[in-house]
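Letters A, B, ... are given to chains in the order of the sequence lines, protein chains preceding strands, and every chain is numbered from 1.
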Amino acid sequence: MTLFTPVVSDLNPEQRAAVEHPGGPLLVIAGAGSGKTRVLTARIARLLASGVDPRAVLAFTFTNRAAREMRERIERAVGAAAARALWVGTFHATGVRILRQEAARVGLPRDFAIYDREDQEGVVRDIARRLALPEAGYRPALLLDRISDAKSALVSPAEFERLAPSPFERRVAEVYGLYEAELRASGALDFDDLIARVVALMRDDPEAGARWSRRFAHVLVDEYQDTNHAQFRMVQALAAGHGNLFVVGDDDQSIYGWRGADLSNVLDFERAFPGAALVRLEQNYRSSGNILRAANAVIANNRARKGKNLWSEREDGARLRFALAADEADEARRIRRFLDARAAAGGRYDEAAVLYRTNAQSRALESELRGAGIPFEIVGGVAFYQRREVKDLVAYLRAVVNPADAAAFWRIWNLPRRGLGDAVRARVEARAAAERPVLAPRAALAALVREGALTRAAAAGATDLLALLAELEGMRAGPVEELFARLLERTRYLESLDEEAESAAERRANVEELAAALATVSAREAAGEAEAPGDRLAAFLADAALATDADRLEEGADRVLLLTAHNAKGLEFAAVVIAGLEEGLMPHASALESDSELEEERRLFYVALTRARDEVLLTAAAYRRRFAPGGGMVASGARISRFVDEIPAGLLDRERPAGARPTGRSGDGDGRSPGATAGSRGATHAAVGRVVYHEQFGRGLVLEAEEGSGGLKCTVRFASGVKRVLGRFLSPGGHDDPA
DNA sequence: TGCGTTGACCCTGGA
DNA sequence: GGTCAACGCA
């Protein structure tokens, strides 16, 4: 393949060693900006060039967008036919693909539903209600987090119960068991199942295990540092037959520990795969010398790392800049001015991005940029398929594809209004539970209608619903567009949008976008790409369930991107603004108590910094308005993030705030503590992240500080527990490091 | 009995 | 600013 040769000659020696690795397990430690995507694609291209069947190559990417881009690159190198035959996708998408093929063996309907977070919470909420769990302490989200943790560690409800040390844990185990039963009855899997069920299949079914471990000749994994235990097991099982496992990762960029990512997958790779080779990519091709030095200095503060030193042939470039703003509006203004200045100098907007820790921070930026007429796009927040109107219509499609899908059914059963409410729902659930196996709600409703057990009004509504679903089911074999058009017509969905004021136009546009997305499925079908006729809807729904907002990013539009640091992973920009660099925000308050979580926050900051090629602006706000417990907005002050101070002084220009009150400079009294001056009554030492002393409770760490009617109210972690105390009862607690 | 309204509580990140 | 349960009206 001559197409491919020039690619290899462009590689540095380490990159080439990875690409030309003869076989067997290989761990590539790829620092930020070291060209790992090139290495991965070159590796695949080389495998294909050397005669490996593209159908026998499986590559895991972190996002659907990364999968699409990788496929496109490979297509340019080796042609469309081979690129299409590759298995490239996220763990979840690959899990769906395998499980759809194995549905019968796994005991699933072929078109199983995929429950998203909202569906999951609905299930858990119902269970909690049934068990009469007190709301406080048993929030659905909390229960679900525990269940998800268990699943990504491959712990079953029975095992969970056996290991449960406390009454709370035993309750979780009980909910977990009921949750699993509910999903089974609904023919549904959640995100964690998409991985765990593949592992279980290969472990428990020797024939399937052998077949899939031979199915591929090469397995490749990108962003390996963010795989969890279940994903590790899936990789291990799929590579067991041949041992050709090529993983690329960077321990310094592991930022999904909260989602179960297990860094030991990287650190113990050589133990898990004996004879593994190791290649390090340490030459950075992205960032200027100053940015790279800053990033290296920051990450050097972490202890849990393999250790590496990125170097670059690039010039030093401009120094990084830090600006302390008075509040979040002032911060947004400064960022806007920075963007203005770049534009005035001829820079494109799409070469810049604003990164932040929490999605809520986008609001102030949004209004400032909108007011200034700077084009921007927010990535994240409410993703397209999570919007109400889109979810409503997708729920109809789900109900058509999978009649057992309870979450979808309950979403649409009274939409539009059919006079069906809680009372009827209770009867449906009772009817469903009266049979073994338990009936799907839709079947139970049909039974109630048949038995004449409903009031006239409820029966009329139910009949209308069941007839609509039956009619749509009858259209499944035809074009998806026709089915969708009929759905809109019969539900009068667009008309119902008009009734609700200003957002109607936007919602209507979203419905149209959904229609357009469905049309592309039909087009793919026409081009012979779908697996089998009639599957197009199910395939579309699986894609929709796994789609993220970041996947929709397209090149070419000239706008500034606003996104979380998590979402920025894998991207790069000429100029990067990192906003909200305050203790309690970045690092986030929830991480201040644990060394390992704090190190993860530092890695997140490192990831953010290393997105930049030429220019970095760091910002913080002395006061930030936040929603607080107790209700309403309060101003809360904080210290400047420790991460800013970890950047060597010579690399960083600090700007004074317009009012020039807090200096934000290290070393001059409490100047590092802008929040310290929050209001006249504020105790200067009681800022987030500070160690303080309390007469009664002793030494503690301030987790939160906010201005209340009685002065500065602080949430402080003492040895005896977390307490809420007034700032004036606190005194300085000595050095910053709570032993 | 359904439905609209009110009030309590929440909020890190995301496949 | 958003969600959800409780409440009271039609």
*Should we count CG of Asp145(A) as having more than 12 external heavy atoms under 6.0 Å?*
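Yes, because the 6.0 Å sphere around CG of Asp145(A) holds more than 12 heavy atoms from other groups.
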_In the structure I gave you, are the side-chain heavy atoms of Val198(A) and Glu102(A) within less than 4.5 Å of one another anywhere?_
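In short, these two side chains do not touch, never coming nearer than 4.5 Å.
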For the residue pair [X] and [Y], does the interplanar ring angle fall in the parallel (under 30°), tilted (30 to 60°) or perpendicular (over 60°) class?
| X | Y | result |
| --- | --- | --- |
| Phe62(A) | Tyr256(A) | tilted |
| Trp413(A) | Phe409(A) | tilted |
| Phe643(A) | Phe605(A) | parallel |

Can you check the [X] [atom1] to [N] [atom2] distance for me, whole Å?
| X | N | atom1 | atom2 | answer |
| --- | --- | --- | --- | --- |
| Glu121(A) | dG2(C) | CD | P | 17 Å |
| Trp410(A) | dC4(C) | CH2 | P | 17 Å |
| Arg130(A) | dA5(C) | CZ | C1' | 18 Å |
| Arg388(A) | dG1(C) | CZ | P | 16 Å |

*What string of B, S and - do you get for nucleotides 1-8 of chain B, 5' to 3', if B is base contact, S is sugar-phosphate-only contact and - is no contact with any protein heavy atom under 4.0 Å?*
SSSS----
_Donor-acceptor pair, distance only, cut-off 3.5 Å: does the side chain of Ser641(A) make one with the backbone of Met586(A)?_
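Flag set: sc Ser641(A) to bb Met586(A) pair under 3.5 Å.
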_Quick check on dC9(B): is either OP1 or OP2 less than 4.0 Å from any side-chain nitrogen or oxygen of Arg139(A)?_
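Looking at the OP1 and OP2 atoms of dC9(B), neither is under 4.0 Å from any side-chain N or O of Arg139(A).
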_Smallest separation among heavy atoms of Leu263(A) and Ser254(A), with atom names_ =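 That closest heavy-atom pairing would be CD1-CB, 3.7 Å.
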I'd like a list of close polar pairs between nucleotides 12-15 of chain B and the protein, N/O only, cut-off under 3.5 Å.
residue: dT12(B); atom: O4'; partner: His588(A); partner atom: NE2; Å: 3.1
residue: dT12(B); atom: O2; partner: Arg357(A); partner atom: NH1; Å: 2.8
residue: dT12(B); atom: O2; partner: Arg357(A); partner atom: NH2; Å: 2.1
residue: dT12(B); atom: N3; partner: Ser590(A); partner atom: OG; Å: 3.0
residue: dT12(B); atom: O4; partner: Ser590(A); partner atom: OG; Å: 2.9
residue: dG13(B); atom: OP1; partner: Asn359(A); partner atom: N; Å: 2.6
residue: dG13(B); atom: OP1; partner: Asn359(A); partner atom: ND2; Å: 3.3
residue: dG13(B); atom: O4'; partner: Arg357(A); partner atom: NH1; Å: 3.4
residue: dG13(B); atom: N2; partner: Trp258(A); partner atom: NE1; Å: 3.3
residue: dG13(B); atom: N3; partner: Trp258(A); partner atom: NE1; Å: 3.0
residue: dG14(B); atom: OP1; partner: Thr564(A); partner atom: OG1; Å: 3.0
residue: dG14(B); atom: OP1; partner: Asn567(A); partner atom: ND2; Å: 3.0
residue: dG14(B); atom: OP2; partner: Asn359(A); partner atom: ND2; Å: 3.2
residue: dA15(B); atom: OP1; partner: Thr548(A); partner atom: OG1; Å: 3.4
residue: dA15(B); atom: O3'; partner: His92(A); partner atom: ND1; Å: 3.1

_Ionic contact status for Lys151(A) with Asp193(A), cut-off 4.0 Å_ =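 Counted as a salt bridge, because a side-chain N and a carboxylate O are separated by less than 4.0 Å.
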